[in-house]
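Structure, as structure tokens:
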2 protein chains.
Amino acid sequence: MAGDRAASWQSIRDTIMLRIRDRTYPPGELIPNEADIATEFGCARATVNRALRDLAEAGFLDRRRKAGTRVIEAPQRKATLDIPQIRREVEARGQAYGYRLLARATGPAPEDVRARLRLPEVEETLYLESLHLADGAPHMFERRWVVLRTVPAIAAADLAAVNPNEWLVREAPYTHGGMEFHAEPAGAAAAALGCSPTDPVLVMERQTWLHEAPITYAREHFAQSYRLCLGL
Amino acid sequence: MAGDRAASWQSIRDTIMLRIRDRTYPPGELIPNEADIATEFGCARATVNRALRDLAEAGFLDRRRKAGTRVIEAPQRKATLDIPQIRREVEARGQAYGYRLLARATGPAPEDVRARLRLPEVEETLYLESLHLADGAPHMFERRWVVLRTVPAIAAADLAAVNPNEWLVREAPYTHGGMEFHAEPAGAAAAALGCSPTDPVLVMERQTWLHEAPITYAREHFAQSYRLCLGL
DNA sequence: TTGATTATTATGTGCAGACATATACCCTGC
DNA sequence: GCAGGGTATATGTCTGCACATAATAATCAA
């Protein structure tokens, strides 16, 4: 008997986890069914269910009706990234956050932006260029296109006071989106970032949708010192 | 009454989510307690609990005993990244995965590696240099240090056949770790990647621990075409 | 006013039982 | 041998109830 007393779902989860680690339950193998585990721990099946569900969500178990519960062979662990909210990130490091709106214009979405947002037709967009500062030094240079049909309210927003991302997060919730990172020479962003056009910078591209309606596409160039951190 | 019939926890979750979106439950405000919601939907409190717990885990609600359930002001949405397992990533794109072990040596951990792994003293490490290929073309160049005290078994592993990451994932599970991304010139990795030393490349640094024992530190240089993708 | 104690309350967790649902597996008929 | 259908089974979910726990709010004492 593993849990002599007070089998909480966490303690069951931890025990099962240990057994996965020490190969009592080997990779790829089935583990006992919920009812049996419940008997072993002297608890209700619901409690075991809670424990196993948690491990499955964490990516260590594969559960299927009738088939049973199997230990994942190569635990595809997920890293979670708290989506960079520039201001927070800067302030969390104890630096003063600053923001400057460099350009603002309205016009049709360029070809590459339309492709990113899966826009079949040319649409009016609000184009924004902004620079985000940490302790006065350039930290991130952003170019952003916002689809006016989806978010008409942004036309009236005071984006010199609130940065576009924060405005959108508050006023235009999204249902899904995507991000991509790659490295490229600073190029046109060099001037704003105060580096050489050939210096490597980290570029983040990001799109969001509200159901099928495209909201925004942003292309953010980070200063060289920036490191994107994720926890495992 | 929102759910006239068959209130599953998912349908309750979705309904609550809609109310958060349309500001029926405004940001920062308390939402009704579980018992009231259960009454509204005509279901048991446990079902509501399941729904709200899910939304809390997804980062939309803040729940505290006695205090109640509150809508998060700035939904710090989490992006999840399935930790790059090179082989999978390459094969998922329909390309042939290849791997070559370029160097293998044993010796004390260099200063910067020790810092990364929070190693107070000099320790013996296995140093590995490897190149990962996609359809024969260089895709990622990796330098890795493995702490032999924590993972002695790797000394006997055939790392020409299995890549170090896959071996470690299977044989040396970790409890926690971290990843960082930044951009830098290819430098010494240029030769292996077949690019110019000044070309920008995406660098991933990664460390893992088993409880307090450091396992490995890896520094991976990705080919220029590589893009790190995350879903929101 | 301040600090400690107690009551109240919303969420967290547990149990037993029931039914729902997906699906692996066997059995049948061709 | 193979396709199709039926069945057994393991997980998924819900209910109604109970008690645990955390934390606010109220009360009381110094």
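Only heavy atoms go into these numbers, but all of them, side chains included; no hydrogens, no water, no symmetry mates. Order of the sequence lines sets the chain letters (A, B, ...), proteins ahead of strands, with each chain counted from 1.
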Across all chains, not counting sequence neighbours, the side-chain contact (heavy atoms from CB on, under 4.5 Å) partners of A:Glu123 are A:Leu119, A:Val147, A:Arg149
What's the CG-P distance between B:Leu30 and D:dA25, to the nearest Å?
10 Å
Under the salt bridge (charged side-chain N to carboxylate O under 4.0 Å, His left out) definition, can you give me all pairs with a residue in residues 151-162 of chain A, not counting sequence neighbours?
none
For nucleotides 13-21 of chain D, just jot down a letter per nucleotide in 5' to 3' order: B, S or -, based on protein non-hydrogen atoms under 4.0 Å.
BSB--B--B
side-chain hydrogen bond (donor to acceptor under 3.5 Å, both in side chains), that's the test. Do B:Tyr99 and B:Asn165 meet it? Break it down for me.
CA-CA 11 Å; B:Tyr99 158 71; B:Asn165 184 51; over 6 Å; no
Side chains of A:Trp9 and A:Thr47 in contact at under 4.5 Å (non-hydrogen atoms)
yes
Quick one: ring pair (Phe, Tyr, Trp, His ring centres under 6.0 Å) partners of A:Trp167, sequence neighbours excluded?
none
Could you list all the side chain to side chain donor-acceptor pair (under 3.5 Å) pairs where at least one residue sits in residues 66-75 of chain B, not counting sequence neighbours?
B:Arg63-B:Thr69
Reading DNA chain C 5' to 3', which nucleotide is the first, and which the last, to come under 4.0 Å of any heavy atom in chain A?
C:dT13 to C:dA24
Using a 3.5 Å distance criterion without hydrogens, assess whether the side chain of A:Arg114 forms a donor-acceptor pair with backbone atoms of A:Pro120.
yes
Does any N or O in the side chain of A:Arg219 come within less than 3.5 Å of the main-chain N or O of A:Glu142, such that one atom is a donor and the other an acceptor?
no
Start at the 5' end of DNA chain C and walk down; is the nucleotide closest to A:Arg64 or to B:Arg63 reached first?
B:Arg63
